[in-house]
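To start, the structure itself, in structure tokens.
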Amino acid sequence: MSLPNKFEPKVSEKLIQDIWETNETYKWDANSQTEPFIVDTPPPTVSGSLHLGHVFSYTQTDIVTRFQRMIGKNVFYPMGWDDNGLPTERRVQNFFGIKCNPNVKDQESFQLNYNFDPKKDQILEVSRKDFIAACVELTTKDEVAYEAMWRRLGLSVDWNETYSTINAHSQKISQLSFLDLATKNQVYNLESPTMWDVDFQSAIAQAELEDRERPGAFHDLKFQMESGEEFIIATTRPELLPACIAVVAHPSDERYQKFFGKTAITPLFHAPVPVLASEHAEPEKGSGMMMICTFGDINDVQWWKQSGLPIKQVINLQGIIRPITFGEDAFLSQNPDLANKNYQQLTGLYLKQAQKKIVELLASPESSVDGKSAALVGEPKTITHSVKFYEKGDRPLEFIPTRQWFIKTLDHKEALLEQGMKINWHPEHMRVRYENWVKGLNQDWCVSRQRYFGVPFPVWYPINALGEVNYLTPIYAEIKDLPVDPMSQVPPGYLESQRGQASGFVGDPDVMDTWATSSMTPQLASHWGTDEKRHKKLFPANIRPQAHEIIRTWAFYTIVKSWQHSGEIPWKDILISGWVLDPERKKMSKSKGNVITPETLFDEYSPDAIRYWTAKARLGADTAIEEAVFKMGGKLCTKIFNASKFVLMQFERIGLNIKDYNLSDVNCELDRALIANLQSVITESSKSLENFEYTTALKLIEDAFWDFCDNYLELVKVRSYQDEDNAERKSAMAALAWSLKTFLKLFAPYVPYVTEEVWQESFKDASHPAIHKSSWPTVDEANTVLKPSYAMAYTSATEVISKVRGVKTASQKSLKWEIAELNISCSIEAKQALESVINDLRQAANVKDQGLIFSPSSNQAGNLEITVILSESWGQ
RNA sequence: GGGCGCUUAGCUCAGUUGGUAGAGCAAUAGCCUUACAAGCUAUGGGUCACAGGUUCGAGCCCUGUAGCGCCCACCA
């Protein structure tokens, strides 16, 4: 039973991990009847490496969870890997230099290029199957590295309970969810203008939108009425002029009343378009007249839906101006030859180039409708405006008509707000963000993505005898067959040979939004739909820890799914963590994260020290990376170690075992005061931790511990150094043992390594082989009532010792310097209290024999007047 | 434009129901003290963003203002 002389966290790190592992310290007990505590762990996105932001929020969860385990809950703490979706595809593309092309054939014995160099090597197009295999290979490797880092951080995860969002289990549940929603009539597919990312070649959802400030310009364009009168419209998107379907002004705008119901002609394309009244147009903006194009923005889409006018689609899925012919179909023109001549100059151009080109055309002197002037009036006026982007995209979103699957949300706003009210939000004000989001929804959840590495829709579509695909009567997979891949599997009752044939079928080629799967994390962990007995035990979860920027996605979608499937809330409490900010107070970014990796910090400080830093930040509070706090954490751990060493040494010296202490030996006021104080620390910190206020609890524990080291240990030292094991020493030893054990347990959720290291050398026994197999301290253990006299003894003694230190320091003397006379003037009560600790006090202060003098005072009970006269020399 | 949060010592932050402003770091001055010099002791440092109000009393409650951060919406 002994600790190493020096505290070296690195030496014991691995050993301690092994202890946790071999004792199955964090294993969920499937058969236990005790109250569970279920964590809906965020599955980190597997696309590179974990950074300090992850360490921050996951540790906060771990602290809460370790506490719950110690108070006796049957903790279920799984770990998932979110490896499906765009981030993974993008990483795989860049890592191996491959790109998915569904039309390419599978390769035999496909070898991935681990040494891909973007400067030298060409991008290789591979089949869907090969691409998915590459995704699986790389994410599997990443997941190994992630697990190692989580273990090092000391997350008390049950590593038997892991899943990945792309594995068969997750695919099955994700598809099951889709089928359940189909049965409940909560999903539909629809061909309609949808937000489209031209680079990713996929639809995206409202929740993935991001506004970005971009330079733009107002272009004033001259239109003409059929009757010959001219007017001006202002537009930031002149390249959409060929897609103009109408021009509108506000109904009350007097300038344009005379035009309403008549026809205007567009420049360059001579397209006749109706002039209509619309509330959309604001008279004060520009000329008060605006053009409606298919489609410049969401307003155009909404307006078009009401108007019944045909679509003029000029942009293709790649963001390129597609070939069309004026004079045909919707593209009416009063001068098709001229229109086509102009349009041909735009065909094949990317939107940006097309804009440049059309501005040139509009600026030419004969571009107006009557051919007498330029249609572009004046110079374009440059502005900065916000433009909608896919949050992971590089070019602005376009609205392009495509067929997509949607999950109904707009019909359920009220119910979803109610569900939000049933959940406890920490901090409380984060609920408002959820509510704002729900209230502001304007589209159902677009859940299909035209990507490859994801969960397929369990859906085929029948083809009629004419070869037309019928999207409105999909063939759903049977539940027993899940998971299915409709691109390689055949729907019930069909043959593979019928794929793509008249009277046959086609598989849905799309995959689901990655959130469609991760919104099921509570059910993925509980095995919803596949193991009802287990699901009953593990659903709903107790806590959902997550970051605030994904309230509108992860939290929202999880609440949606849970409500639609079973009418329940997915978890009782949601814990919103803050952001890690770099020293310039900017959000920790991936590039910055790579500079300061968690491993670097673990090496330089210790996992415990980093954990301490995370524990100093409250939920929801953004926190700067602060080296000073890492240092503090390190110092605290050293202190815990050294104080433990001191206590253990006192037992060793006279051959006693620290486990054999007996609290009934405690008979000194000072020792009773210590125990009584710690009791209130236990009560208060437990209350805070139960409410997820781990920061408040830590402060209480820490303050008590530093006081224990600075004051109690100093006072009790001389008594405990006695060689004779008499009653007063026994009292000290029992108090020391119990308080050390208590402090170790109180600190254990925060700094598991150092507390475990000490535990192994002190209180470990067969039924408590690890500190996290021991129980949280309770007040009953000590059963000491705090009497006013204890408190007074303790605080008065502390006050005296503090005064003595002040005098010695001011005289630049060692704290060991002898005191010739210590005169304490105080009330009768204070005197009585101090007399009970007089020996401890006299020796700790090193007062000469007979040098401690009390004199009466009429002061208030607590007020002490202390005079110190130092000896001329050291003393003996 | 709507909403939420923040503003306390040089820095990073605590501050319970209103009752004499706190910690760590940094700075300064010291100390080999039988757990700890990677330690310890002490000292200095604040008009609690600003302006009103309620109250015997406001960092805390109310109203307004400003700055910072974030969420949402609008944006021809």
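Chain naming here is simple, since letters A, B, ... match the order of the sequence lines and numbering starts at 1 in each. Just so you know, these numbers use all the heavy atoms, side chains as well, and skip hydrogens, waters and symmetry mates. Here the structure is a predicted model, which is why all the values come from computation and not from measurement.
For Asp710(A) and A42(B), the CG to P distance is 8 Å, given to the nearest whole Å. In this structure, NZ of Lys616(A) is placed 11 Å from P of C25(B), rounded to the nearest angstrom. At whole-Å resolution of the value, CG in Asp300(A) and P in C75(B) are 10 Å apart. Between Ile551(A) atom CD1 and G5(B) atom P there is a gap of 13 Å when expressed in whole angstrom units. If you measure from atom CH2 of Trp613(A) to atom P of G24(B), you get 21 Å, rounded to the nearest angstrom. The separation between Glu799(A) atom CD and U41(B) atom C1' is 17 Å, rounded to whole Å. For the pair Ile654(A) CD1 and U34(B) P, the interatomic distance rounds to 20 Å; values are reported in whole Å. Put simply, CD on Glu627(A) is 11 Å from P on A26(B), counting in whole angstrom units.
Candidate nucleotides U33(B), G2(B), C74(B) were compared by shortest atom distance to the side chain of Asn436(A), and G2(B) ranks first. Looking at the side chain of Asn442(A), the nearest of the listed nucleotides C25(B), A14(B), C74(B) is C74(B). The His429(A) side chain lies nearest to G5(B) when the options are C74(B), G5(B), G30(B). Among the nucleotides G3(B), C72(B), U12(B), the one closest to the side chain of Val432(A) is G3(B). Candidate nucleotides C75(B), C40(B), G30(B) were compared by shortest atom distance to the side chain of Gln812(A), and G30(B) ranks first. Which of A42(B), C75(B), G39(B) sits closest to the side chain of Asp211(A) comes down to C75(B).
The residue Arg237(A) sits apart from the nucleic acid: no heavy atom pair falls under 4.0 Å. In this structure, Lys645(A) reaches the sugar-phosphate backbone alone: every heavy-atom distance under 4.0 Å involves primed, P, OP1 or OP2 atoms, never a base. Using a 4.0 Å heavy-atom cutoff across all strands shown, Lys699(A) reaches sugar-phosphate atoms only and no base atom. Note on Met430(A): nothing from the nucleic acid sits closer than 4.0 angstrom, heavy atoms only. Across all strands shown, Glu213(A) has no heavy atoms under 4.0 Å from either base or sugar-phosphate atoms. Lys388(A) comes within 4.0 angstrom of a nucleotide base, judged by non-hydrogen atoms across all strands. Within the nucleic acid shown, Met632(A) comes within 4.0 Å of sugar-phosphate atoms alone, with no base atom in reach, counting heavy atoms only. Residue contacts for Cys293(A): at a heavy-atom cut-off of 4.0 Å it reaches no nucleic acid atom on any strand shown. Among the heavy atoms of the strands, none lies under 4.0 Å from Glu435(A). Among the protein residues, Ile233(A) comes within range of no part of the nucleic acid, since none of its heavy atoms lies under 4.0 Å from any strand. Phe218(A) comes within contact range of the sugar-phosphate backbone alone, with a heavy-atom separation under 4.0 Å but no base atom that close.
With contacts defined as side-chain heavy-atom distances shorter than 4.5 Å, the pair Cys244(A)/Leu240(A) does not qualify. Side-chain contact between Gln206(A) and Ile298(A) is absent, with no heavy-atom pair separated by less than 4.5 Å. Counting heavy atoms from C-beta on, the side chains of Trp613(A) and Thr623(A) come closer than 4.5 Å. Side-chain contact check for Ser720(A) versus Phe646(A): some heavy-atom pair is nearer than 4.5 Å. For the pair Asn436(A)/Val432(A), a side-chain contact is recorded, criterion being any heavy-atom separation below 4.5 Å from C-beta on.
The nucleotide A23(B) finds its pairing partner in U12(B), both defining distances of the Watson-Crick or G-U wobble pair being shorter than 3.5 Å. If you check C50(B) for Watson-Crick or wobble pairing at under 3.5 angstrom, you find it paired to G64(B). The partner of A73(B), taking Watson-Crick or G-U wobble pairs whose two distances both stay under 3.5 Å, does not exist in any strand shown. With both pairing distances under 3.5 Å, U41(B) is matched to A29(B) as a Watson-Crick or G-U wobble pair. Nucleotide U17(B) has no partner under the Watson-Crick or G-U criteria, as no pair reaches both atom distances under 3.5 Å. With a 3.5 Å ceiling on both atom-pair distances, G57(B) lacks any Watson-Crick or G-U wobble partner.
For the P atom pair drawn from U34(B) and C40(B), the interatomic distance equals 15 Å after rounding to whole Å. Of the P atoms belonging to C75(B) and G69(B), the separation is 25 Å, rounded to the nearest Å. Separation of the C1' atoms belonging to U20(B) and C11(B) is 27 Å when rounded to the nearest angstrom. C61(B) and C68(B) have their C1' atoms separated by 24 Å, given to the nearest Å. Separation of the P atoms belonging to A23(B) and A66(B) is 36 Å when rounded to the nearest angstrom. Annotation: G2(B) and U55(B) have their C1' atoms spaced 34 Å apart (nearest Å). The gap from the P atom of G64(B) to that of G19(B) amounts to 25 Å, rounded to the nearest Å. Rounded to whole Å, the C1' atom of C50(B) lies 23 Å from the corresponding atom of A14(B).
In terms of position along RNA chain B, the nucleotide closest to Val647(A) lies nearer the 5' end than the nucleotide closest to the other residue of the pair Glu8(A) and Val647(A). Mapping Glu282(A) and Leu209(A) onto RNA chain B via the closest heavy atom, the residue that lands nearer the 5' end is Leu209(A).
Between Phe399(A) and Phe295(A), a ring centre-to-centre spacing not shorter than 6.0 Å is recorded.
One finds the CD1 atom of Ile576(A) at 12.0 Å from the OH atom of Tyr434(A) (value rounded to the nearest 0.5 Å). Taken to the nearest 0.5 Å, the CD atom of Gln443(A) stands 9.0 Å off from the OG1 atom of Thr409(A).
Proximity of Arg552(A) to the phosphate of C71(B): no side-chain N or O atom is located under 4.0 Å from OP1 or OP2. Contact between the side-chain N/O atoms of Gln206(A) and the OP1/OP2 oxygens of A73(B) is found at a separation under 4.0 Å. Proximity of Lys816(A) to the phosphate of U34(B): no side-chain N or O atom is located under 4.0 Å from OP1 or OP2. Taking 4.0 angstrom as the limit, Arg433(A) places none of its side-chain polar atoms (N or O) nearer than this to OP1 or OP2 of C70(B). For C25(B), the OP1/OP2 oxygens have a side-chain nitrogen or oxygen of Lys635(A) closer than 4.0 Å.
Between the side chain of Ser386(A) and the base of C75(B) there is at least one donor-acceptor pair of N/O atoms closer than 3.5 Å. Side-chain atoms of Asn5(A) stay outside donor-acceptor range of the base of C36(B), with no qualifying N/O pair under 3.5 Å.
When the shell of 6.0 Å around CD of Gln722(A) is examined, it contains more than 12 heavy atoms from other residues, nucleotides or ligands.
Across Phe641(A), Phe705(A), Tyr694(A), a single residue satisfies ring pair (Phe, Tyr, Trp, His ring centres under 6.0 Å) together with Phe747(A), and that is Phe705(A).
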